[in-house]
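The structure displayed is predicted, hence computed values, not measured ones. Note that these values count all heavy atoms, side chains included, but never hydrogens, waters or copies made by symmetry. All ligand and atom numbering here is 1-based and tracks the order in the structure.
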Amino acid sequence: MVVGAGLAGSAAAYSLAQRGWRVQVLDAAVAPAAGASALPAGLVAPHVSPDDAPLSRISRAGVSTTLARLAALLPAGTDWAATGVLERRVEHARALPPCAPGSPNPMDGWSVEASPERLAQAQLDQLQPATSALWHPCGAWMRPARLVQAQLAQPGIEWRGACAVARLQPTPEGWALFDAHGQTLAQAPLVVLAAGFSVRGLLASADGAGTQPSTESGSPLPLHALRGQVSWGALNELPAAARAALPPWPVNGYGSFLHGMDGPSGAPMWIVGSTFERGNTSAAVTAADHAANQARLQRLLPRLGTLMQPAFQAAQGWAAVRCTLPDRLPAVGVLDAVRWPGLHVLTGLGARGLTLSVLAGEVLAAQLHGETWPLEPRLAQMLLAQRFSRRSKP
Ligand SMILES: Cc1cc2nc3c(=O)[nH]c(=O)nc-3n(C[C@H](O)[C@H](O)[C@H](O)COP(=O)(O)OP(=O)(O)OC[C@H]3O[C@@H](n4cnc5c(N)ncnc54)[C@H](O)[C@@H]3O)c2cc1C
């Protein structure tokens, strides 16, 4: 049983169904991808750091697994496209890791310095002072709800909407899930909590199964809410000069700009994101966040930002709540096998759910089945949810 039908829940369900499990996916909403995964379109891109930090290496594994899943399940060009992504250096140095002479370059095929031609294509070549950027040839855009739907459509997976889980309780056979009226929604030997920030409350409800809270804060998983908003509009309503200045691929580095994919209205859109507001759990669209997105675009792509000023008067918005963990990595798999046997989580995807959810689903299934990890073992260990219960033990 998987609670939550976003990128996390659908990826977990898919990976389990592929291994022969019959999976029920419960969600409070009446349709899948009701939370952060309803993002109209977003980026799949590697993280870069001068020391090739674990997050950078994990992100490359995430990009690989995600692109493979997208290619297997969705039509390229409409639901996703491996266009490459230009990452402009705005505030962060984002240097590539050095490559020792004679050794293979880990960045080969992943990230290179952007050429002057690419900077010119993004209208960034005339900036004063001059700017620089990285080019990620494997970067892609995708419409996350389409991946959620495609993963849930696999044999062995049953989707159940309008099932808001209020509480879970251990049973001799596994776990039982209840709604707010105390009605049993489902029972199963194995539960994966993949309900974003709500996992925090669901774990608290399971506390009857355990003894003491296992972190200082009292929550076994220190999840934080991180609200975000994107602004979008119809591409054909842009002024002609703005349409002529569009970069040929997505650009990120200070927020992001994407265009050309079908938006919520069914017509090709432009989309600018996104805001970050810690501790806010509201999904209401605000004028202040539109202004913040406009300012981001102005800084990221100054010429386009100026030409698009009129478009922001009529911009539409979409907002949701991400959830993060202090080390900025997701929490995957068993949280505490002694306290909560059979209870798994997949959450804390933060601002990288499009890049990391498929990999996280594979890590969850690999842990459960004792399989070889789908990435370097040391990196896989860094994703495991049990890092939080281990830390708090004497
Ligand atoms: C503005 C914005 C822009 C973003 N841009 C990008 C991007 O470009 N690239 C990227 O990689 N990531 C991006 N992200 C992050 C990405 O969207 C998230 O990491 C990802 O969608 C999280 O997926 P999830 O399945 O964990 O959570 P969600 O998609 O929020 O799914 C949780 C599900 O659980 C359900 N649920 C909640 N409580 C209960 C309950 N009690 N019972 C039953 N069901 C419940 C909800 O209805 C929901 O369907 C962005 C996020 C935002 C907000």
| remark: heavy-atom search around atom 44 (N) of ligand 1 in the protein gives Ala28 N, 3.0 Å

| note | heavy-atom search around atom 16 (C) of ligand 1 in the protein gives Leu354 CD1, 3.9 Å

| said: Side chains of Glu362 and Ser15: any donor to acceptor distance under 3.5 Å? | reply: yes

| message | Looking only at protein heavy atoms, which one is nearest to atom 52 (C) of ligand 1, and what is the separation? | response | Arg322 NE, 3.6 Å

| Just going by heavy-atom distances, which of Ala360, Ala195, Gly228 is nearest to atom 34 (O) of ligand 1? | Ala195

| query | If Ile, Leu, Val, Met, Phe, Trp and Tyr residues are connected whenever their side-chain heavy atoms lie under 4.5 Å apart, and connections chain through other members, are Leu73 and Leu152 in the same group? | reply | yes

| Should you measure from each heavy atom of Gly35, which atoms of ligand 1 turn up under 4.0 Å away? | 29 (O), 30 (O), 48 (C), 49 (O)

| request: Considering heavy atoms of the protein only, find what lies nearest to atom 29 (O) of ligand 1 and give residue, atom and distance to 0.1 Å. | output: Ser37 OG, 2.5 Å

| said: Counting non-hydrogen protein atoms only, what is the nearest one to atom 31 (O) of ligand 1? Give residue, atom name and distance. | reply: Gly6 CA, 3.8 Å

| message | Does Arg328, at its CZ atom, have more than 12 non-hydrogen atoms belonging to other residues, nucleotides or ligands within less than 6.0 Å? | response | no

| task | Any atoms of ligand 1 less than 4.0 Å from a non-hydrogen atom of Val165? List them with their elements. | result | 40 (C), 41 (N), 42 (N), 43 (C)

| message | Just to confirm my output: which protein heavy-atom neighbour is closest to atom 48 (C) of ligand 1, and how far is it? | response | Asp27 OD2, 3.4 Å

| said: By the ring-ring contact (aromatic ring centres under 6.0 Å, His included) test, which pairs, at least two apart or in different chains, include something from residues 276-299? | reply: none

| Region of Arg227 engaging ligand 1 - heavy atom pairs below 4.0 Å | neither

| Looking at Leu300, Leu86, Leu304, which hits side-chain contact (heavy atoms from CB on, under 4.5 Å) with Leu124? | Leu86

| query | Should the heavy atoms of other residues, nucleotides or ligands under 6.0 Å from CZ of Arg19 be counted, would the total exceed 12? | reply | yes

| query | What atoms of ligand 1 come within less than 4.0 Å of a heavy atom belonging to Cys163? | reply | 42 (N), 43 (C)

| said: Quick check on contacts: which atoms of ligand 1 are under 4.0 angstrom from a heavy atom of Gly42? | reply: 8 (O)

| Does the pair Glu113/Arg89 count as a salt bridge with the N-to-O cut at 4.0 Å? | yes

| field | Residues forming a side-chain hydrogen bond (donor to acceptor under 3.5 Å, both in side chains) with Ser357, sequence neighbours excluded | value | none

| Which atoms from ligand 1 have a heavy atom of Thr355 less than 4.0 Å away? | 11 (O)

| Working for side chain to side chain contact (heavy atoms under 4.5 Å, CB included), residues His259 and Leu238 | CA-CA 11 Å; His259 70 89; Leu238 284 182; over 6 Å; no

| query | Just by distance, with hydrogens left out, do Arg88 and Thr131 show a side-chain donor and acceptor under 3.5 Å apart? | reply | yes

| Ala8: numbered ligand 1 atoms lying under 4.0 Å from its heavy atoms | 24 (P), 25 (O), 26 (O)

| query | What part of Leu7, side chain, backbone, both or neither, has a heavy atom within less than 4.0 angstrom of ligand 1? | reply | both

| Parallel, tilted or perpendicular for Trp270 and Phe257, by the 30°/60° rule? | parallel

| query | Hey, looking at atom 19 (O) of ligand 1, which of Ser357, Ala36, Gly255, Gly350 has the closest heavy atom? | reply | Gly350

| query | For Ser389 and Asp336, does a side-chain donor sit closer than 3.5 Å to a side-chain acceptor? | reply | no

| In the protein, which heavy atom is nearest to atom 6 (C) of ligand 1, and how far is it? | Leu39 CD2, 3.6 Å

| task | Heavy-atom contacts with Val3 under 4.0 Å: which atoms of ligand 1 show up? List them by number with element. | result | 42 (N), 43 (C)

| note | Looking only at protein heavy atoms, what sits closest to atom 10 (C) of ligand 1 is Ala351 O, 3.2 Å

| query | Which ligand 1 atoms are under 4.0 Å away from a heavy-atom of Ser198? | reply | 37 (C), 38 (N)

